[in-house]
Amino acid sequence: MRSLGIAGAWALEPKVFPDERGSFHEWYRGAEFREATGYDLSLAQANCSVSRWGVLRGVHFSDVPPGQAKYVTCVRGAVLDVVVDLRVGSPTFAQWEALRLDDDTRHALFLAEGLGHAFMALTDDATVVYLCSTGYAPEREHGIDPLDPDLGIVWPEGITPVLSPKDAQAPSLAAARRTGLLPSYEACVARYEELTGRPFSG
């Protein structure tokens, strides 16, 4: 796994073994995952999302503590997956990074607690599977407008985003910060060190 430019996010780029039957790859190896991230993958919930071309989901995040870490991959089709640093006080606050996840390269993305997550479907029936460290708790779940110009995520050209009513009505980054909705970097670092048992090197 390689760390991304936003501390607390890592990409898995596995070796895929194709043959006449199909393909095989390892998308999780506990020892290597722990060495790279410091985490033992704690699974509380597993989600599967199927989206038509142009559907945009996110930017979603959860209160910290406890937060919700996610391990995400695309098992059918392709998506543009985006991690956003929503941690107030972070050196990379409001920055984002995008990674294509698809059923060819089989890349995956791990996001620690406090980071925002969004993706856009680049194909019909884009199927995203994500493992979550905590279960869904509506009172702790929040969103940021993925089209907020101040956030400035560059979504693919030529695609009209299709958003849920909830995502379309999500506040801007500035509004969420002003109302105290965003997690603090300090709280997130404390949570990381509690979970991993080692100093956070972000």
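Treat the numbers as computed from the prediction; the structure is a model and nothing was measured.
Between E113 and the options P65, C188, S133, P183, a side chain to side chain contact (heavy atoms under 4.5 Å, CB included) holds for only S133. Considering V128, L80, L99 as possible partners of F119, the one that fulfils the side chain to side chain contact (heavy atoms under 4.5 Å, CB included) test is V128.
Scanning for side chain to side chain contact (heavy atoms under 4.5 Å, CB included) contacts around D102 gives A78, R100, D104, T105, with sequence neighbours left out. Take F110 and apply the ring-ring contact (aromatic ring centres under 6.0 Å, His included) test, not counting sequence neighbours, and it matches W10, F33, Y39. Partners of W155 according to the ring-ring contact (aromatic ring centres under 6.0 Å, His included) rule, which considers only residues two or more places apart in sequence or in another chain, do not exist here.
Donor-acceptor pairing under 3.5 Å is lacking for the side chains of Q169 and D167.
Judged purely by atom type and a 3.5 angstrom limit, T92 has no side-chain atom pairing as donor or acceptor with the backbone of Q95. Under the 3.5 Å distance criterion, the side-chain polar atoms of E97 are matched with a main-chain donor or acceptor of G5.
For the pair E13 and R2, the salt-bridge criterion is met [side-chain N within less than 4.0 Å of a carboxylate O].
Of the inter-residue distances, the one linking C132 atom SG with L43 atom CG reads 8.0 Å to the nearest 0.5 angstrom.
Ring planes of H142 and F61: tilted class, angle from 30 to 60°.
Each of F200 and I6 belongs to its own hydrophobic cluster when Ile, Leu, Val, Met, Phe, Trp and Tyr are linked at side-chain heavy-atom distances under 4.5 angstrom. Both L115 and L109 belong to a common hydrophobic cluster when Ile, Leu, Val, Met, Phe, Trp and Tyr are linked at side-chain heavy-atom distances under 4.5 angstrom.
In terms of heavy-atom proximity, V16 sits nearest to S23 at CG1-CB, 3.8 Å.
Using a 4.5 Å cut-off between side-chain heavy atoms of Ile, Leu, Val, Met, Phe, Trp and Tyr, V129 falls into a hydrophobic cluster with V75.
At least one side-chain heavy atom of L173 sits under 4.5 Å from a side-chain heavy atom of L182.
The salt bridge (charged side-chain N to carboxylate O under 4.0 Å, His left out) pairs that include a residue from residues 40-64 are R34-D40, where partners are two or more places apart or lie in different chains. Judged as a salt bridge (charged side-chain N to carboxylate O under 4.0 Å, His left out), the pairs with a partner in residues 71-93 (not counting sequence neighbours) are, in order, R76-D125, D85-R87.
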